[in-house]
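Here the structure is laid out as structure tokens; the discussion comes afterwards.
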Amino acid sequence: MRIATWNVNSIRSRIDRVASWVDRHDVDVLAIQETKCREDQFPALELTALGYEYAHVGINQWNGVAILSRVGLEDVERSFGVDQPLFDDVLEPRAIGATCGGVRMWSLYVPNGRDLDHAHYQYKLDWLARLRSAGEQWLAKNPDLPIALTGDWNIAPQDDDVWDMAVFEGRTHVSEPERAAFRAIVDAGFSDVVRPHTPGPGVYTYWDYTQLSFPKKKGMRIDFVLGSPALAERVEGAWIDREERKGKGASDHAPVVVDLAD
DNA sequence: ATGGTGGCTGGGCCA
């Protein structure tokens, strides 16, 4: 079974690329981030025509996450808990879960944080702490369940996950509290199943649209698939499709793919 | 090529 995650930066503007990509690469389950639309605006036909079911949560032009599956889509949860943190009193659509082909799949869009002194930064840390708490409970309840925590984590856990640490001095994504929040989820039992198959340095999943970042190889590794022990032991390979970052109409993120033994 | 973001929306925010 092939699962993947991809921040598409608007599903409506990227629908042709997304449909073509999942079809071309025989993707069974795709976690999507930043759909940037309401649920009634989701371009479903192009995907259902290819044999995919989907679940989506979106309330406006911000955030929005979805899961596509052609191996079943059951037990959809539209957040990881009733206590999921709020920002500006809004429960932002940043997490959706579903069971697809026996895998508990989560599509996660971790808050960006904006700046170290911004309220959004604490929101990010709170959000990650809640996710860790939820993840611990899922594993405690069912230690043998294959769970995939996938998405745009907006964290570069290691120095070589950015092209130049000096540039990121004093900025989000690389701060110690963010890295600690990420490590806490790893320590809870969810390991990065992609990095062993895609060693750095210079291996990224995101390149800013500005300043010719992509051709200049100025990227960041911020999109991850963290797997529970039962998921991790089934991983046969993983890769980042940087080809998909090329050309006109590309998202600023590349898809991240994981192949699982059946 | 002496420059160089994109999306949603409708000016400004967000990333």
Side-chain angles (χ1 to χ4, degrees), chain A residues 5-21 31-44 46 56-66 85-96 107-128 150-157 161-164 167-175 178-179 181-182 204-224 240-256:
Chain A
T5 184
W6 190 7
N7 180 324
V8 300
N9 185 22
S10 168
I11 188 62
R12 287 179 292 173
S13 68
R14 217 76 62 208
I15 183 59
D16 289 350
R17 269 192 181 250
V18 173
S20 170
W21 186 79
I32 297 173
Q33 298 85 40
E34 281 209 270
T35 59
K36 287 187 167 178
C37 66
R38 299 187 308 266
E39 283 151 41
D40 62 287
Q41 297 173 308
F42 193 88
E46 290 86 342
H56 171 230
V57 56
I59 55 175
N60 54 27
Q61 70 269 46
W62 309 122
N63 314 304
V65 286
L86 305 176
F87 188 74
D88 286 345
D89 294 326
V90 173
L91 178 63
E92 295 186 317
R94 293 181 175 275
I96 191 167
S107 179
L108 305 168
Y109 181 43
V110 176
N112 172 284
R114 303 187 187 175
D115 293 294
L116 297 184
D117 59 358
H118 196 286
H120 210 262
Y121 179 73
Q122 190 58 47
Y123 168 53
K124 179 181 195 172
L125 297 178
D126 291 344
W127 198 96
L128 287 162
T150 85
D152 176 356
W153 293 74
N154 271 317
I155 297 170
D161 293 334
V162 298
W163 79 92
D164 182 359
V167 172
F168 286 83
E169 184 68 34
R171 292 175 34 183
T172 61
H173 294 62
V174 300
S175 75
E178 290 165 276
R179 288 177 167 179
F182 186 88
Y204 309 124
T205 64
Y206 163 84
W207 298 260
D208 195 290
Y209 282 127
T210 67
Q211 302 300 119
L212 298 175
S213 297
F214 184 66
K216 291 181 176 176
K217 306 186 188 308
K218 294 182 174 179
M220 306 169 72
R221 191 202 287 254
I222 56 175
D223 300 88
F224 298 96
I240 298 160
D241 189 7
R242 82 182 278 293
E243 288 301 304
E244 192 56 37
R245 180 62 179 79
K246 296 179 179 177
K248 190 174 169 57
S251 168
D252 41 2
H253 293 253
V256 179

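Numbers restart at 1 for each chain; the letters A, B, ... are given by sequence-line order, proteins then strands.
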Does OP1 or OP2 of dG6(B) have a side-chain N or O of R14(A) closer than 4.0 Å? no

Please check the phosphate of dG6(B) (OP1 and OP2 only) for any side-chain N or O of T210(A) closer than 4.0 Å. no

Roughly, in whole Å, what's the span from [atom1] in [X] to [atom2] in [N]?
{"X": "K218(A)", "N": "dG4(B)", "atom1": "NZ", "atom2": "P", "result": "17 Å"}
{"X": "R12(A)", "N": "dG6(B)", "atom1": "CZ", "atom2": "P", "result": "18 Å"}
{"X": "D152(A)", "N": "dG7(B)", "atom1": "CG", "atom2": "P", "result": "17 Å"}
{"X": "K124(A)", "N": "dC14(B)", "atom1": "NZ", "atom2": "C1'", "result": "14 Å"}
{"X": "K36(A)", "N": "dG12(B)", "atom1": "NZ", "atom2": "P", "result": "18 Å"}
{"X": "H173(A)", "N": "dC14(B)", "atom1": "NE2", "atom2": "C1'", "result": "12 Å"}
{"X": "E34(A)", "N": "dC14(B)", "atom1": "CD", "atom2": "P", "result": "13 Å"}
{"X": "D208(A)", "N": "dG7(B)", "atom1": "CG", "atom2": "P", "result": "13 Å"}

Sort and list the pairs that fulfil salt bridge (Lys or Arg N to Asp or Glu O under 4.0 Å) and have at least one residue in residues 215-224 of chain A, not counting sequence neighbours. D161(A)-R221(A)

side-chain hydrogen bond (donor to acceptor under 3.5 Å, both in side chains) evaluation trace for Y209(A) with N9(A): CA-CA 11 Å; Y209(A) 282 127; N9(A) 185 22; 3.1 Å; yes

Among dA15(B), dG7(B), dC8(B), the one nearest N112(A) by side-chain distance: dA15(B)

If you check the S10(A) side chain, which of dC13(B), dC8(B), dT5(B) turns out closest? dC8(B)

Would you list the pairs meeting side-chain hydrogen bond (donor to acceptor under 3.5 Å, both in side chains) in which at least one residue belongs to residues 108-120 of chain A, sequence neighbours left out? E34(A)-Y109(A)

Base, sugar-phosphate alone, or nothing: which one does F214(A) contact when heavy atoms must sit under 4.0 Å apart? nothing

Where each residue is assigned the nucleotide of DNA chain B containing its nearest heavy atom, which of Q61(A) and L212(A) is assigned the position nearer the 5′ end? L212(A)

If you assign each of N7(A) and S13(A) to its closest nucleotide in DNA chain B, which residue comes earlier from the 5' end? S13(A)

Contacts of R179(A) meeting salt bridge (charged side-chain N to carboxylate O under 4.0 Å, His left out) (sequence neighbours excluded), chain-then-number -> D159(A)

So, using salt bridge (charged side-chain N to carboxylate O under 4.0 Å, His left out) as the criterion, who are the partners of E92(A) when residues are at least two apart? R94(A)

Looking at residues 243-255 of chain A, who's got a heavy atom less than 4.0 Å off DNA chain B? none

Gap in Å between the two C1' atoms, one belonging to dG10(B) and one to dC14(B), rounded: 16 Å

I'd like to know if the side chain of D88(A) reaches the main chain of V90(A), judged simply by a donor and an acceptor atom lying under 3.5 Å from each other, with no hydrogens or angles considered. no

D126(A): partners by side chain to side chain donor-acceptor pair (under 3.5 Å), with sequence neighbours left out: Q122(A)

